[in-house]
Amino acid sequence: MAHNKDQVTEAFELFDSDGDGYLLVSEAASAIRALGHILTDADIKTLLHRVGVDAGRAGRVDMSKFRQMHGSLPAQNYTRQLEEAFKTVDKEGSGYVMASELKHLLTNMGDRLSDDDFNLLLEELDIDSNGRIQFKEFVRLLAVR
C-alpha cells in the first residue's frame with residue numbers, strides 16, 4: 001500500500017468496506033463528512049445529482065465521481081472552524097478560554113483528543129497566570145500542525 005495517498009483516496013478506500021471500488025450513497029456521504037465537510041442529507045443529494053449518481057439506495061459512487069463530489073465543495077477554512085469551536089467556550093467573546101474548558105471541549109467532543117495528546121498540546125500553548133489561553137495563540141499553534 002502506498003504511503004503517500006491523498007486524503008480523498010484514503011477516505012474513499014476507508015469507506016469502501018468490501019473493496020469493490022464503489023461506495024454506496026450512505027458510505028459516500030460518510031466519507032465526505034469524514035473529510036471535514038459539514039453537509040446535510042439534502043446537500044449530499046444535490047452533490048450526487050451534480051455528478052450523475054442516483055441518490056437512492058441503488059446509487060453507487062466510484063472514485064472518479066467521489067473526486068468530483070469532493071472537488072465541487074469549497075475548501076475548508078480551518079481557522080474559521082477553530083474560531084467557531086473556540087466561541088462555544090468563550091461565551092463572553094474575550095478572546096481567551098480557560099485551559100480546563102478547552103480540555104473538556106477537545107477531549108469530549110468531535111474528534112476527541114486523548115488526555116496525553118491534550119497534555120502535549122498544553123505544553124506548547126502559552127497559558128497566562130490566570131490559566132487562560134488566548135485564541136490567537138491557539139490558532140497559531142494548530143495552524144502549523
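None of these values were measured; they are calculated from a predicted model. The basis for the numbers below is simple: all heavy atoms, side chains too, and nothing from hydrogens, waters or symmetry mates.
Between D20 and R60 there is a salt bridge, with a side-chain nitrogen of the basic residue lying less than 4.0 Å from a carboxylate oxygen of the acidic one.
Residues L24 and E27 share a closest heavy-atom pair of N-OE1, 2.7 Å. The nearest pair of heavy atoms linking H70 to H37 is NE2-NE2, 3.3 Å. In this structure, V25 and D54 approach most closely via the heavy-atom pair CG2-O, 3.5 Å. Closest approach of V61 to A28, counting heavy atoms only: CG2-CB, 3.9 Å. The shortest non-hydrogen separation linking D16 to G21 is OD2-N, 2.8 Å.
Taking CZ from F15 and CG from L23, the interatomic distance works out to 9.0 Å, rounded to the nearest 0.5 Å. Taken from CG in L35 to CG in L14, the straight-line distance is 9.5 Å, to the nearest 0.5 Å.
Checking R132 against S94 by side-chain atom types alone, no donor-acceptor pair falls below 3.5 Å.
In this structure a side-chain-to-backbone donor-acceptor pair under 3.5 Å is missing from D62 to Y22.
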Name each donor-acceptor pair under 3.5 Å that joins a side chain in residues 39-48 to protein atoms two or more places apart or in another chain, with its distance.
residue : atom : partner : partner atom : Å
T40     : OG1  : A42     : N            : 3.4
T40     : OG1  : D43     : N            : 3.0
T40     : OG1  : D43     : OD1          : 3.4
T40     : OG1  : D43     : OD2          : 3.2
D41     : OD1  : R33     : NH2          : 3.0
D43     : OD2  : T40     : N            : 3.0
T46     : OG1  : A42     : O            : 3.1

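In this structure the side chain of S64 reaches within 4.5 angstrom of the side chain of Q68, judged on heavy atoms. Between Y96 and D128 there is a side-chain heavy-atom pair separated by less than 4.5 Å. Between R67 and D6, the closest side-chain pair of non-hydrogen atoms falls below 4.5 Å. Residues M98 and K103 have side chains not in contact (no heavy-atom distance under 4.5 Å, counting atoms from C-beta outward). Under the 4.5 Å side-chain criterion, counting only non-hydrogen atoms from C-beta, F66 is in contact with I32.
Atom CZ of F118 is surrounded by more than 12 heavy atoms from other residues, nucleotides or ligands within 6.0 Å.
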